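Notes follow once the structure below has been shown.
Nothing here was measured: the structure is a model prediction, and the numbers come from that model.
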Amino acid sequence: MRFFGRRQQQKQQPAVPSLDGLVDRLVLPCATIRLAGHAPASAGSSYVAGHPYLPVERPWPEWDGQPMFFLAQVDFAEVPPLPGFPERGLLQWFVGSDDTYGLTFDETQGTAGFETRWYDDTDAPSLRQPGDPTPWHTARDAGEEVYCPIDAVDATALGFAPGRVLPAYDELPAGLDLAPVAQLAASVGEAAEDVPFVWDEYVRGASSTVPGLASGSTVGGSADFAQSDPRGLGAFPAHHAPDGRLVLQLDAAQVGGWGDVGVAHLFGDPAAVARGDLSSLRYHWDCS
């Protein structure tokens with residue numbers, strides 16, 4: 001059995017120079033995300049866990065009768081510029097605190113079990129600070145059965161850097177000449193007809209020799225999955241639709257949790273998010 005992408009042990013393989021033009025044509029910009037290892041500078045900055053920015057009182061989101069877990073907020077003024085993404089504004093992400101972290105498995109999948117909030121700016125002072133307890137913390141301390149999808153439960157600052165990724169094989173444009181990938185397949189001992197695996201593993205994945213590719217948690221770019229891409233199914237728009245883009249990805253490689261080395265996604269239209277319209281956002285996570 002083959003394990004795709006970053007889930008497979010890395011192998012060092014010879015580069016195929018003829019891939020260079022193909023990579024340059026297809027590479028996508030993103031912003032990589034890392035845990036900065038310290039508390040946030042302010043309530044309006046970017047961080048995971050803790051208490052979110054709250055300029056006015058509003059009800060804490062709940063799921064299945066329990067307070068949601070505040071997962072993250074991203075101040076886009078801190079994110080390297082990305083085409084079509086907000087240049088400023090604060091996006092907040094909450095998820096259910098049940099044992100599936102709000103993920104549902106019926107017709108509501110992707111549209112329920114989470115909440116997002118948007119602030120055009122953070123000029124107004126916050127009524128709470130990142131280190132303040134949330135209703136989730138209160139429920140946990142009272143012995144209620146609430147779950148946390150990541151390792152951090154206290155506010156931890158995020159840092160960003162420019163990055164680049166390649167799309168998954170299923171996202172490649174139709175009619176693309178993949179003869180160089182077939183040549184690469186031969187050089188690494190794979191069958192020529194196994195081009196999808198070779199692309200996802202040896203070109204964009206864990207065994208890639210393409211220099212400078214990002215992996216793990218990102219703003220924008222191309223999504224990674226432990227299992228399969230839900231886009232194009234149910235309430236998830238297709239990956240090539242404007243509202244099927246990856247907005248935010250939080251990977252266990254950086255934030256821990258998400259089951260067994262899993263990864264979580266927010267898909268949607270980043271241009272709509274910049275206008276404060278969050279209706280396109282869809283939530284998904286999976287693990288191996």
With sequence neighbours excluded, tell me which residues meet ring pair (Phe, Tyr, Trp, His ring centres under 6.0 Å) with H265.
F225, F267, H284
If we ignore hydrogens and angles and just use 3.5 Å, is the side chain of [X] paired with the main-chain N or O of [Y] as donor and acceptor?
X: S208; Y: V210; value: yes
X: T156; Y: D154; value: yes
X: E115; Y: Q92; value: no
X: D98; Y: Y101; value: yes
X: D132; Y: Q129; value: yes
X: R231; Y: P237; value: no
X: Y47; Y: H51; value: yes

To the nearest 0.5 Å, tell me how far [X] [atom1] sits from [Y] [atom2].
X: D260; Y: D286; atom1: CG; atom2: CG; answer: 11.0 Å
X: Q109; Y: R282; atom1: CD; atom2: CZ; answer: 11.5 Å
X: R140; Y: T134; atom1: CZ; atom2: OG1; answer: 8.5 Å
X: W285; Y: Q227; atom1: CH2; atom2: CD; answer: 9.0 Å
X: L158; Y: L35; atom1: CG; atom2: CG; answer: 6.0 Å
X: R164; Y: T218; atom1: CZ; atom2: OG1; answer: 15.0 Å

Show your working on side chain to side chain contact (heavy atoms under 4.5 Å, CB included) between L71 and V48 and close with a plain yes or no.
CA-CA 6 Å; L71 182 58; V48 295; 5.8 Å; no
For residues [X] and [Y], determine if any side-chain heavy atom of one lies less than 4.5 Å from a side-chain heavy atom of the other.
X: L178; Y: L22; answer: yes
X: S45; Y: E78; answer: yes
X: W63; Y: M68; answer: yes
X: E190; Y: E201; answer: no
X: D151; Y: V255; answer: no
X: P61; Y: R117; answer: yes
X: W199; Y: L184; answer: no
X: V203; Y: L166; answer: yes

Check step by step if side chain to side chain contact (heavy atoms under 4.5 Å, CB included) holds for L250 and I150.
CA-CA 9 Å; L250 290 179; I150 61 175; 5.6 Å; no
Under 4.5 Å between side-chain heavy atoms, counting indirect links through other Ile/Leu/Val/Met/Phe/Trp/Tyr residues: same cluster for [X] and [Y] or not?
X: L246; Y: F76; answer: no
X: V273; Y: V95; answer: yes
X: V153; Y: F70; answer: no
X: L176; Y: L19; answer: yes

Stepwise side chain to side chain contact (heavy atoms under 4.5 Å, CB included) test for Q254 and Q249:
CA-CA 11 Å; Q254 284 74 43; Q249 175 170 279; over 6 Å; no
E87: side chain to side chain donor-acceptor pair (under 3.5 Å) partners, not counting sequence neighbours:
none
For [X] and [Y], which heavy atoms make the closest approach, and how far apart are they?
X: P67; Y: E62; value: CA-CG, 4.2 Å
X: C287; Y: W258; value: CB-O, 3.3 Å
X: A185; Y: A192; value: CB-CA, 4.4 Å
X: G44; Y: L90; value: O-CD1, 3.7 Å
X: V261; Y: A226; value: O-CB, 4.5 Å
X: E171; Y: S222; value: OE1-OG, 2.6 Å

Any ring-ring contact (aromatic ring centres under 6.0 Å, His included) pairs touching residues 114-145, not counting sequence neighbours?
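Those involving residues 114-145 are Y53-Y119, F69-W136, F114-Y283.
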Going by ring-ring contact (aromatic ring centres under 6.0 Å, His included), name the pairs with one or both residues in residues 140-188, residues two or more places apart or in two chains.
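Found none.
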For F94 and W60, I'd like to know if the aromatic rings sit close, meaning centre-to-centre distance below 6.0 Å.
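Yes, ring centres under 6.0 Å apart.
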Just do the side chain to side chain contact (heavy atoms under 4.5 Å, CB included) check on F236 and D229 with the steps written out, would you?
CA-CA 10 Å; F236 291 94; D229 188 344; over 6 Å; no
Looking at D224 and R204, is any side-chain nitrogen of the basic one under 4.0 Å from a carboxylate oxygen of the acidic one?
yes
Paired with L91, the side chain to side chain contact (heavy atoms under 4.5 Å, CB included) test is passed by just one of D75, V219, T116, namely T116
All N/O donor-acceptor pairs, side-chain side in residues 23-33, below 3.5 Å, sequence neighbours left out:
unit_1 : atom_1 : unit_2 : atom_2 : d
T32    : OG1    : A161   : O      : 3.3

Q66 side chain to S97 side chain, donor-acceptor N/O pair below 3.5 angstrom
no
Excluding sequence neighbours, so at least two apart, what forms side-chain contact (heavy atoms from CB on, under 4.5 Å) with A36?
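Expected list: R34, H38, A157.
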